[in-house]
Number of protein chains: 2
Amino acid sequence: MVAGPLPAPSGPGKDRLRLWIRLLRASRTIEAELRERLKKEFNTTLPRFDVMAALYRAPEGMLMSDLSRFLLVSNGNVTGIVDRLVSEGLVARARRNGDRRTSMVRLTEEGSQTFATIAAVHEGWIGELLGKVSEDDARRLTGMLTSFRSNWEGRE
Amino acid sequence: MVAGPLPAPSGPGKDRLRLWIRLLRASRTIEAELRERLKKEFNTTLPRFDVMAALYRAPEGMLMSDLSRFLLVSNGNVTGIVDRLVSEGLVARARRNGDRRTSMVRLTEEGSQTFATIAAVHEGWIGELLGKVSEDDARRLTGMLTSFRSNWEGRE
DNA sequence: GCAAATTATTTCAAGCTTAAAGTTTCATAT
DNA sequence: ATATGAAACTTTAAGCTTGAAATAATTTGC
């Protein structure tokens with residue numbers, strides 16, 4: 001993964017490979033920048049931000065398994081991140097009457113306010129970091145990636 | 001990060017934000033699939049594959065700091081991955097006469113052959129996973145991502 | 001020549017990540 | 001009722017990841 005500038009081999013499968021490498025490098029580059037800024041400016045991490053973003057969109061709460069599916073990470077992973085957010089008072093687990101295996105996870109009032117603050121700044125960062133991508137290209141790129149997702153979800 | 005299907009807010013910065021989310025989800029989706037296949041088929045990991053891919057392109061070897069820069073990961077990170085590859089006999093460190101702080105890291109003969117095998121299969125996977133992206137879209141996407149990279153590299 | 005700054009790397013602590021195994025609870029079929 | 005199995009979650013072990021501190025070697029400025 002993450003091969004880079006050099007010979008530029010050609011052939012049948014090479015175009016897709018080159019696309020994948022570019023895609024991966026672009027997202028890693030941006031991710032690294034965001035991680036650094038989240039740490040410096042808000043003393044938090046990308047995974048915590050991801051979880052909070054998911055919960056912010058679901059005021060009624062989410063199950064752990066919902067979070068895991070939505071964030072594309074493993075089940076056990078979410079446990080740890082939520083544990084930390086709980087211990088920081090940003091997230092709460094609520095046991096449910098119906099099914100005692102599950103717990104609804106949601107932002108606390110503090111968590112919600114904290115997230116709103118960070119999210120606003122975050123959106124500005126993205127605007128800055130992707131600012132050189134023209135409106136047109138941004139829309140085209142988004143469209144292609146959306147159709148990639150549709151194809152993926154509907155595969156075999 | 002990784003927000004998903006839902007309201008679809010609109011506004012000035014929202015287009016870039018949506019693009020970023022799509023980009024991140026696409027690369028995470030593909031990455032997860034590759035990670036799983038590398039584990040199942042070759043009992044290896046993505047980071048190991050990345051390091052070996054970098055070294056494969058540099059038969060004369062690379063410094064640790066070159067690897068770190070090239071792979072967009074921290075210095076300390078590379079140390080651990082290379083340690084494991086060395087203990088598996090796939091990579092070798094060679095101390096240099098000139099500068100004794102540094103060591104040239106390169107693939108062993110076994111490492112080179114192992115990587116060639118995996119890389120061939122890997123390329124097929126990418127072709128499969130990105131197969132639904134048309135040739136045209138692939139070229140366009142690659143072009144946009146390339147110009148993103150140029151802009152990024154040339155920012156103050 | 002030698003102290004100070006710089007460079008290359010490793011070590012460390014904390015946190016993230018996965019896959020697999022374990023626990024508790026629920027649903028179902030006897 | 002009670003076994004059997006499935007579901008939701010947590011725990012565990014191994015590995016990845018970062019940022020910061022430590023170590024060692026080189027270069028620079030007097």
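Throughout, protein chains are lettered first and strands after them, A, B, ... in sequence-line order, and every chain is numbered starting at 1.
- Looking at B:Asp83 and B:Arg93, a side-chain N of the basic residue comes within less than 4.0 Å of a carboxylate O on the acidic one, giving a salt bridge.
- Between B:Arg16 and A:Glu123 no salt bridge is recorded (no basic side-chain N to carboxylate O distance below 4.0 Å).
- Ring geometry, A:Trp152 versus A:Phe148: the interplanar angle falls from 30° to 60°, so the pair is classed tilted.
- In this structure, A:Thr79 reaches the D:dT10 phosphate: one of its side-chain N or O atoms is under 4.0 Å from OP1 or OP2.
- A side-chain donor-acceptor contact under 3.5 Å links B:Thr102 and B:Arg96.
- For A:Asn77 and C:dT18, the shortest distance from a side-chain N or O to OP1 or OP2 is below 4.0 Å.
- Considering only side-chain N and O atoms, A:Ser74 lies under 4.0 angstrom from the phosphate OP1 or OP2 of C:dT18.
- When each of A:Lys39 and A:Thr102 is assigned the nucleotide of DNA chain D bearing its nearest heavy atom, the one mapping closer to the 5' terminus is A:Thr102.
- For the OP1/OP2 pair of D:dC9 and a distance below 4.0 Å, the side-chain nitrogens and oxygens of A:Ser65 include at least one atom meeting the criterion.
- Note on A:Gly76: a base of the nucleic acid sits closer than 4.0 angstrom, heavy atoms only.
- In this structure, a donor-acceptor pair under 3.5 Å is absent between the side chains of B:Arg35 and B:Thr45.
- Annotation: salt bridge (Lys or Arg N to Asp or Glu O under 4.0 Å) contacts involving residues 60-80 of chain A, sequence neighbours excluded, comprise A:Asp66-A:Arg69.
- Contact annotation for B:Arg93: backbone-only contact, meaning every heavy-atom pair under 4.0 Å involves sugar-phosphate atoms and none involves a base.
- Distance CZ (B:Arg35) to C1' (D:dG15): 12 Å, rounded to an integer number of Å.
- Considering only the side chain of A:Asn75, D:dT10 comes nearest among C:dA19, D:dT17, D:dT10.
- Across the protein-nucleic acid pair, B:Arg48 atom CZ and D:dA14 atom P stand 13 Å apart, rounded to whole Å.
- Rounded to an integer number of Å, the gap from A:Ile81 CD1 to C:dA14 P is 18 Å.
- Counting non-hydrogen atoms under 4.0 angstrom, B:Arg69 reaches nothing in the nucleic acid.
- A:Arg95 comes within contact range of no nucleotide atom at all, as no heavy-atom separation falls under 4.0 Å.
- We find that CZ of A:Arg37 is positioned 14 Å from P of D:dG19, with the value rounded to whole Å.
- Atom CG of B:Asp83 is separated from atom C1' of C:dT10 by 9 Å (rounded to the nearest Å).
- In this structure, the side-chain contact (heavy atoms from CB on, under 4.5 Å) partners of A:Thr44, at least two apart in sequence or on a different chain, are A:Leu38, A:Phe42, A:Arg48, A:Ile118.
- Side chain of B:Met64, nearest nucleotide from D:dT17, D:dC9, C:dT9: C:dT9.
- Across the interface with DNA chain D, nearest-nucleotide mapping of A:Lys40 and A:Ser103 shows A:Ser103 to be the residue nearer the 5′ end.
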Pull out every protein N or O sitting under 3.5 Å from an N or O of nucleotides 23-26 of chain D, one pair per line with the distance.
from, atom 1, to, atom 2, distance (Å)
D:dT26, OP1, B:Gly98, O, 3.4
D:dT26, OP1, B:Arg100, N, 3.1
D:dT26, OP2, B:Arg100, NH2, 3.2

Review point. Do A:Asp50 and B:Arg28 pass the salt bridge (charged side-chain N to carboxylate O under 4.0 Å, His left out) test, and can you show the C-alpha distance, the side-chain angles, and the key distance before you say yes or no?
Key: CA-CA 13 Å; A:Asp50 287 348; B:Arg28 284 195 183 174; 3.3 Å; yes
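- Between B:Glu36 atom CD and C:dT17 atom P there is a gap of 17 Å when expressed in whole angstrom units.
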